[in-house]
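Numbers here simply count residues along the sequence, with the first being 1. These figures come from a predicted structure and were not determined experimentally.
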Amino acid sequence: KKSITNDYTLNLGGRLTLRSNKDISITSSTGNVVIDSNLLNTYIGGKNVIVDAKDTLILRGGSKIIRDDDSAEDKVKGTFGLSVGGGYNVRAGSMGLSTGVGTLNLTSAGSIQQIVAGNSEESIVNKDYIFGNVFAKKITAINGIISLESTGLIPTTAGIDLNVGLFGL
């Protein structure tokens, strides 16, 4: 056992390896613990790596943080919030949003635009109808006109079909 009461610096000209058949602990009761490689990479590896921040966990990457795995899953036990100071873009081969049985709210203080290269289909099962919510879908415009437009590149391929009742009768 070695006890150091003042500042201590160990300068090595070569590699330092610490090996133990038991735990290795590096702690500081009042200061920071810094593990840094100024010119090359810093690796932390293990079967599982646990980063346990008692207050805030900060991930700082120069311009990007890269997940280098073929398949990943993030699990959050409770509520998850994300606050982005600038723009937020998500690109994916396919995407699903699901709330299970909860509500999904999309809110925009500006405009919302959808561009669909294939067809678009919406199915609504109004499970709240038995509680008096008769609107399966309600569109309200405070100012302006609600416009539905269909343009076909081939004649007679455009149109708007409104069906009401069982089998559209």
Side-chain angles (χ1 to χ4, degrees), residues 26-28 30-37 41-169:
I26 301 172
T27 59
S28 174
T30 58
N32 295 323
V33 175
V34 177
I35 300 172
D36 192 4
S37 176
N41 299 318
T42 301
Y43 295 95
I44 300 174
K47 179 181 176 190
N48 295 303
V49 176
I50 300 169
V51 179
D52 184 8
K54 301 298 185 239
D55 186 10
T56 302
L57 174 64
I58 299 171
L59 296 176
R60 185 176 294 142
S63 62
K64 54 176 91 169
I65 297 173
I66 299 172
R67 295 184 68 139
D68 187 15
D69 48 7
D70 293 335
S71 179
E73 181 177 333
D74 294 334
K75 290 186 178 184
V76 178
K77 290 182 181 179
T79 302
F80 178 76
L82 177 64
S83 177
V84 179
Y88 181 65
N89 296 309
V90 176
R91 299 184 202 294
S94 65
M95 181 178 287
L97 294 174
S98 175
T99 61
V101 295
T103 301
L104 174 65
N105 295 312
L106 298 175
T107 304
S108 174
S111 60
I112 293 180
Q113 181 179 11
Q114 287 180 289
I115 299 174
V116 181
N119 69 323
S120 176
E121 186 175 319
E122 181 177 1
S123 297
I124 301 171
V125 177
N126 189 6
K127 65 179 178 57
D128 294 335
Y129 183 79
I130 60 174
F131 301 116
N133 188 359
V134 296
F135 295 109
K137 182 168 187 165
K138 181 178 178 185
I139 300 173
T140 304
I142 303 300
N143 292 315
I145 298 169
I146 296 174
S147 172
L148 298 175
E149 181 179 336
S150 176
T151 304
L153 298 176
I154 301 170
T156 70
T157 61
I160 296 175
D161 210 5
L162 296 175
N163 295 317
V164 179
L166 188 61
F167 306 115
L169 301 175

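- Of the possible polar contacts, none joining the Ser37 side chain to the Thr42 backbone as a donor-acceptor pair under 3.5 Å is found.
- In this structure, Gly152 and Ala158 approach most closely via the heavy-atom pair N-CB, 3.2 Å.
- Taking CD1 from Ile50 and CD1 from Ile44, the interatomic distance works out to 12.5 Å, rounded to the nearest 0.5 Å.
- Between Ile160 and Glu149, the closest heavy-atom pair is CD1-N, 4.2 Å.
- Nearest heavy atom pair, residue Ile146 against residue Ile139, reads CD1-CG2, 3.5 Å.
- Counting non-hydrogen atoms of other residues, nucleotides and ligands closer than 6.0 Å to CG of Leu82 gives a total above 12.
- Heavy-atom neighbours of Asp70 CG from other residues, nucleotides or ligands within 6.0 Å: at or below the threshold of 12.
- To the nearest 0.5 Å, atoms CD1 (Ile124) and CG (Asn126) are separated by 8.0 Å.
- Ile142 CD1 to Thr140 OG1: the interatomic distance, rounded to the nearest 0.5 Å, is 6.5 Å.
- Counted within 6.0 Å of CG on Leu57, heavy atoms from surrounding residues, nucleotides or ligands total more than 12; the atom is thus considered enclosed.
- Pairing each heavy atom of Glu73 with each of Arg67, the nearest pair is N-NH2, 4.2 Å.
- A 4.5 Å side-chain heavy-atom check between Asn133 and Phe131 finds every atom pair outside the cut-off.
- A 4.5 Å side-chain heavy-atom check between Thr56 and Ile58 finds at least one atom pair inside the cut-off.
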